[in-house]
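Counting from 1, the numbers follow the sequence of the chain as shown.
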Amino acid sequence: MTGSGAVPHWEPIAHEFEQHAAAGAYNALYDRPTVLGLCGDVRGLRALDLGCGPGFYARELLDRGAAAVVGADASATMVDLARRRCPEAAEFRVHDLEAPLDWAADGSFDLIVMALVLHHLDDRAGALAEVYRALAPGGRVVVSTHHPTADWAIHGGSYFTTEVIEETWNRGWHVRYWRMPLTEVVAQFFTAGFVIEALQEARPAPEMATAFPADFDKLTRQPGFIAFRLAKAGSAGGRGSR
């Protein structure tokens, strides 16, 4: 789902990922409810979905009343799937999120969503700087990522290690992402000019208890993802209650 050119594996598995994420435990019943909850009332907003994947978040934003949605992903197949999912009122672009958003004017979006994409990017500072530039005054950014303690529980060693992880997930997908402590994640937001308006350690949707009981049991005891709502420094408050 990431727009990073460093992870071209998302292109050949795009169709498999779409099927997996449509109703899967970690996507449909864990990350999406958390991210959309932090987005709040999106009616009338201009939204940008970075690392849009097959368009599940864009579809939700449109259905909830966003005035316009633009999505971007490095995978051409993901973008095609997103266009099919949102044929009537969204614009999608093939774009590497490590590159400047040269098609986005300064302050052109009220809401920017980065769902499970930031940890795949090598140049997170550059990506966040572009997000800051494209965000309108009073706008919000919602970011979800791996919970640092989850990566530590899996890979061990020092919790404070910052390193690239390469591994194979359950369907034979080769994935590449960054492991880092919470201090590092937060410092990158602050360096880009953001403050944290809200933080949520994701909790599973109740439906997961029936559909995926083992995942539900695990995720009610230990977090897998963490999500943030960010505002430009000096503009926190106000619209945050939307």
Side-chain angles (χ1 to χ4, degrees), residues 1-11 14 35 38-39 42 45-58 61-62 66-83 86 89-146 162 164 175-178 180 184-197 227-236:
M1 190 162 58
T2 177
S4 173
V7 282
H9 53 273
W10 291 112
E11 173 62 19
V35 167
L38 284 175
C39 288
V42 303
L45 300 187
R46 300 162 296 167
L48 174 60
D49 182 4
L50 292 176
C52 66
F56 290 114
Y57 296 85
L61 293 171
L62 288 170
V69 175
V70 177
D73 200 286
S75 164
T77 302
M78 290 286 199
V79 167
D80 182 60
L81 292 171
R83 286 174 177 149
C86 309
E91 172 189 345
F92 294 96
R93 294 172 171 268
V94 179
H95 182 84
D96 184 342
L97 299 193
E98 309 250 21
L101 303 173
D102 50 11
W103 39 267
D106 293 359
S108 53
F109 294 99
D110 306 304
L111 172 69
I112 299 178
V113 173
M114 300 181 76
L116 298 179
V117 62
L118 191 64
H119 50 270
H120 291 294
L121 303 181
D122 291 332
D123 185 12
R124 293 176 299 283
L128 287 170
E130 279 294 278
V131 167
Y132 184 94
R133 181 189 62 77
L135 187 67
R140 297 296 182 265
V141 181
V142 176
V143 179
S144 64
T145 187
H146 290 181
T162 297
V164 173
V175 295
R176 179 184 186 277
Y177 61 90
W178 283 87
M180 65 189 69
E184 178 72 12
V185 176
V186 170
Q188 292 172 4
F189 296 153
F190 290 166
T191 298
F194 293 109
V195 295
I196 297 171
E197 187 175 78
F228 307 84
R229 186 170 64 226
L230 310 176
K232 290 185 175 182
S235 66

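- Of the possible polar contacts, none joining the Arg229 side chain to the Arg140 backbone as a donor-acceptor pair under 3.5 Å is found.
- For the atom pair CG of Leu116 and OG1 of Thr145, the computed distance is 7.0 Å after rounding to the nearest 0.5 Å.
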Let me see the working for Leu128 and Leu118 under side-chain contact (heavy atoms from CB on, under 4.5 Å), right down to the final yes or no.
CA-CA 9 Å; Leu128 287 170; Leu118 191 64; 4.3 Å; yes
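- Here the CG atom belonging to Asp122 is positioned 12.0 Å from the CG atom belonging to Leu97, to the nearest 0.5 angstrom.
- Atom CD1 of Ile112 is separated from atom CG of Asp49 by 10.5 Å, given to the nearest 0.5 angstrom.
- Rounded to the nearest 0.5 angstrom, Glu197 CD and Lys232 NZ are separated by 14.0 Å.
- Under the ring pair (Phe, Tyr, Trp, His ring centres under 6.0 Å) rule, Phe194 has a single partner from Tyr132, Phe228, Phe189, which is Tyr132.
- The shortest heavy-atom contact between Met180 and Val185 is CG-CG2, 3.6 Å.
- A heavy-atom distance below 4.5 Å is not found between the side chains of Glu184 and Trp178.
- Here CG of Leu61 is found 14.5 Å from CZ of Arg46. Values are rounded to the nearest 0.5 Å.
- For the residue pair Val141 and Val143, the shortest heavy atom distance occurs at CG1-CG2, 3.7 Å.
- The closest donor-acceptor contact from the side chain of Asp73 to the backbone of Val79 lies at 3.5 Å or more, if one exists at all.
- In this structure, the side chain of Glu98 does not engage the main chain of Leu121 through any donor-acceptor pair within 3.5 Å.
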For a side-chain contact (heavy atoms from CB on, under 4.5 Å) check, start with the C-alpha distance between Leu230 and Ile196, then their side-chain angles and the critical distance, and finish with the verdict.
CA-CA 5 Å; Leu230 310 176; Ile196 297 171; 3.8 Å; yes
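- Distance NE2/His95 to CG/Asp102: 6.5 Å, rounded to 0.5 Å.
- Taking both residues in full, the closest heavy atoms of Glu130 and Leu101 are given as OE1-N, 2.6 Å, listed atom of the first, atom of the second, then distance.
- With Arg93 contributing its side chain and Val70 its backbone, the two residues share no donor-acceptor pair below 3.5 Å.
- When all heavy atoms are compared, the tightest approach of Ala72 to Trp103 is CB-CZ2, 4.0 Å.
- A pairwise comparison of heavy atoms in Leu81 and Ala14 identifies CD1-O, 3.9 Å as the closest pair.
- Contact record, Cys86 with Phe92: CB-CE1, 3.9 Å, taken as the closest heavy-atom pair.
- A donor-acceptor pair is defined here as one N or O able to donate and one able to accept, closer than 3.5 Å; such a pair exists between the side chain of Glu11 and the backbone of Thr77.
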